[in-house]
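The next block holds one structure in the form of C-alpha cells; read it before the comments.
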Amino acid sequence: MSTTSPHGPDHGQQPPERVKLLVANRREDIERAEKGLLSGLERHAFPEAAVFAVRLAIEEALVNAFKHGHHGMPPETPVTFSYSLTRDRVQIDIEDQGPGFTPEDVRDPTLDENLDIPNGRGLLLMRAYMESVEYLGKGNHVRMVYVKPAQG
Amino acid sequence: MPSSGSSRLRVKKHNDVTEVEFIDRNILDEANIHQIREEIMGLIEASASPRLLVSFASVDHMSSAALGAMISINNAVKIKKGQLRLANIDPQIYEVFKITKLDKLFQIHDSTDSAMKSFQ
C-alpha cells in the first residue's frame with residue numbers, strides 16, 4: 001500500500017529510475033525486461049490497469065520491432081529497451097536496428113472492411129493505452145509515455 | 001503442427017459443439033499463439049460444419065497477435081459456414097476487443113451457457 005503524501009505529486013523529489021537493456025526475441029528476455037518495469041510500477045502504486053496497459057503496449061512495440069523492424073535480419077538481433085520511471089509517469093523507449101517505418105502508412109484496422117484482416121492492430125492498441133506514442137529518428141525508435149491516472 | 005509439446009487447449013465435446021478453453025493465462029508468445037492457431041484450425045478442418053465455442057476464462061493477457069489468430073479462426077469457420085462463439089472474456093481483455101472494434105466481428109457471450117444456447 002502506498003503511504004505517499006496526500007497533497008498530490010511532488011515532482012522532482014526523487015530522481016527517476018532509469019534502466020536500459022538489450023532484448024533479443026526470446027520469451028525469457030522479453031519477460032525479464034517487462035518484469036523489472038512492471039514491478040517498478042507496482043512499487044510506485046500504479047493501479048492494476050496501468051500494469052495491464054504498459055505490458056500490452058510493450059508487447060505490441062516489441063512485436064513490431066522484431067517482426068517488422070528486424071524483418072530479414074538475424075533472429076538474435078536485439079532491440080534497445082529503456083525506461084525512465086517516476087512515481088507518476090513512465091517513459092518507455094524501444095529502438096530497433098531496422099530501417100524504420102512510417103506510422104501514417106498503417107491502414108485503419110477498425111474500418112468494417114478491415115476487421116477480418118488478422119494483423120495491423122499493434123499500433124492502435126499502443127495509442128489507446130498510452131498517453132502518447134511517437135516515432136523518432138528514421139522511425140525505428142518508438143517512445144511511449146504512460147501517466148498514472150489521478151486518484152479517484 | 002508442432003511435433004512436440006503438450007496441447008495449449010482443453011477441448012470438450014458437447015454433442016455437435018466443440019468447446020475450447022485456453023490453458024495459458026498469457027497469450028503473448030509468438031510460438032504459443034502459432035500452436036493455438038494450428039490446434040484450433042485442426043479442429044475446424046476435422047468438421048464439415050464447425051460449431052466452436054472458445055472460452056477465455058483463464059486468460060489475463062493477450063496481444064494483437066492473439067487477436068489475429070482469432071480472426072484467422074473466424075475466417076476459417078466462415079468458409080465452412082460454421083459458427084464461432086467467444087465467452088468468459090475478462091473485462092480488461094474485452095476492452096481490447098472493443099478498442100479494435102472486434103466486438104463487432106465476433107459473437108461474444110458473458111458465459112459458456114449463453115454461448116452454448118446461441119448455436120443454431
Side-chain angles (χ1 to χ4, degrees), chain A residues 23-35 37-38 41 46-71 75 94 106-130 133, chain B residues 2 5 8 24-38 40-41 44 54 56 59-84 86 89-108:
Chain A
V23 178
N25 192 9
R26 278 191 299 261
R27 194 42 27 197
E28 315 87 83
D29 275 40
I30 294 170
E31 285 186 357
R32 195 175 311 128
E34 284 178 356
K35 202 169 260 179
L37 172 51
L38 298 180
L41 294 177
F46 280 68
E48 199 221 326
V51 177
F52 181 89
V54 168
R55 184 173 191 186
L56 184 62
I58 295 173
E59 287 285 341
E60 299 299 340
L62 286 175
V63 165
N64 283 347
F66 289 126
K67 209 166 189 171
H68 305 298
H70 288 181
H71 181 71
I94 293 172
V106 179
R107 62 164 188 271
D108 180 352
T110 63
L111 297 178
D112 281 347
E113 65 265 32
N114 294 336
L115 281 182
D116 63 358
I117 301 174
N119 48 30
R121 289 177 179 77
L123 187 56
L124 167 72
L125 290 174
M126 288 152 63
R127 285 184 169 142
Y129 282 96
M130 295 291 106
V133 175
Chain B
R8 313 215 75 88
D24 300 292
R25 303 198 76 80
N26 300 321
I27 310 182
L28 299 168
D29 180 61
E30 204 184 330
N32 288 359
I33 293 170
H34 180 77
Q35 188 184 340
I36 285 167
R37 183 180 176 281
E38 292 306 301
I40 298 181
M41 286 298 194
I44 295 168
V54 180
F56 286 72
V59 179
D60 291 334
H61 285 275
M62 66 186 281
S63 63
S64 67
L67 291 176
M70 291 309 304
I71 293 169
S72 301
I73 287 160
N74 185 54
N75 292 342
V77 168
K78 264 206 308 240
I79 288 170
K80 288 199 138 184
K81 302 203 186 319
Q83 298 173 45
L84 173 68
L86 312 188
I89 302 180
D90 165 273
Q92 275 184 327
I93 306 255
Y94 186 67
E95 189 66 26
V96 174
F97 279 88
K98 267 176 59 182
I99 291 166
T100 52
K101 300 217 162 73
L102 290 174
D103 57 330
K104 295 200 290 185
L105 185 74
F106 294 108
Q107 286 204 32
I108 301 176

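Sequence lines set the chain letters: A, B, ... in the order given, protein chains first and strands last, and positions in each chain run from 1.
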Is it the side chain or the backbone of [X] that comes within 4.5 Å of chain A heavy atoms, both, or neither?
{"X": "B:Glu95", "result": "both"}
{"X": "B:Met62", "result": "backbone"}
{"X": "B:Asn26", "result": "side chain"}

Quick one: CG on B:Leu102 to OG1 on A:Thr110, what's the gap to the nearest 0.5 Å?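 Rounded to the nearest 0.5 Å, the CG-OG1 separation comes to 9.5 Å.
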
Rounded to the nearest 0.5 Å, how far does CD of B:Glu30 lie from CG of A:Leu62?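 Rounded to the nearest 0.5 Å, the CG-CD separation comes out at 11.5 Å.
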
Taking all non-hydrogen atoms of both residues into account, name the closest pair between A:Leu115 and B:Leu105 and its distance.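 Of all heavy-atom pairs spanning A:Leu115 and B:Leu105, the closest is O-CD2, 3.5 Å.
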
Side chain, backbone, both or neither: which part of [X] has a heavy atom under 4.5 Å from chain B?
{"X": "A:Phe66", "answer": "neither"}
{"X": "A:Glu48", "answer": "both"}
{"X": "A:Leu111", "answer": "neither"}

Considering heavy atoms only, which positions within residues 71-82 of chain B lie below 4.5 Å of chain A?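 So the qualifying residues are B:Ile71, B:Ser72, B:Asn75.
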
Sequence neighbours left out, cut at 3.5 Å: what donor-acceptor pairs do the side chains of residues 52-61 of chain A make with other protein atoms?
| unit_1 | atom_1 | unit_2 | atom_2 | d |
| --- | --- | --- | --- | --- |
| A:Arg55 | NE | A:Glu34 | OE1 | 3.3 |
| A:Glu59 | OE1 | A:Arg27 | NH2 | 3.0 |
| A:Glu59 | OE2 | A:Arg27 | NH1 | 3.1 |
| A:Glu60 | OE1 | B:Ser64 | OG | 2.5 |
| A:Glu60 | OE2 | B:Ser64 | N | 2.6 |
| A:Glu60 | OE2 | B:Ser64 | OG | 3.3 |

Check ion pair B:Lys101-A:Asp112 (N to O, under 4.0 angstrom): no

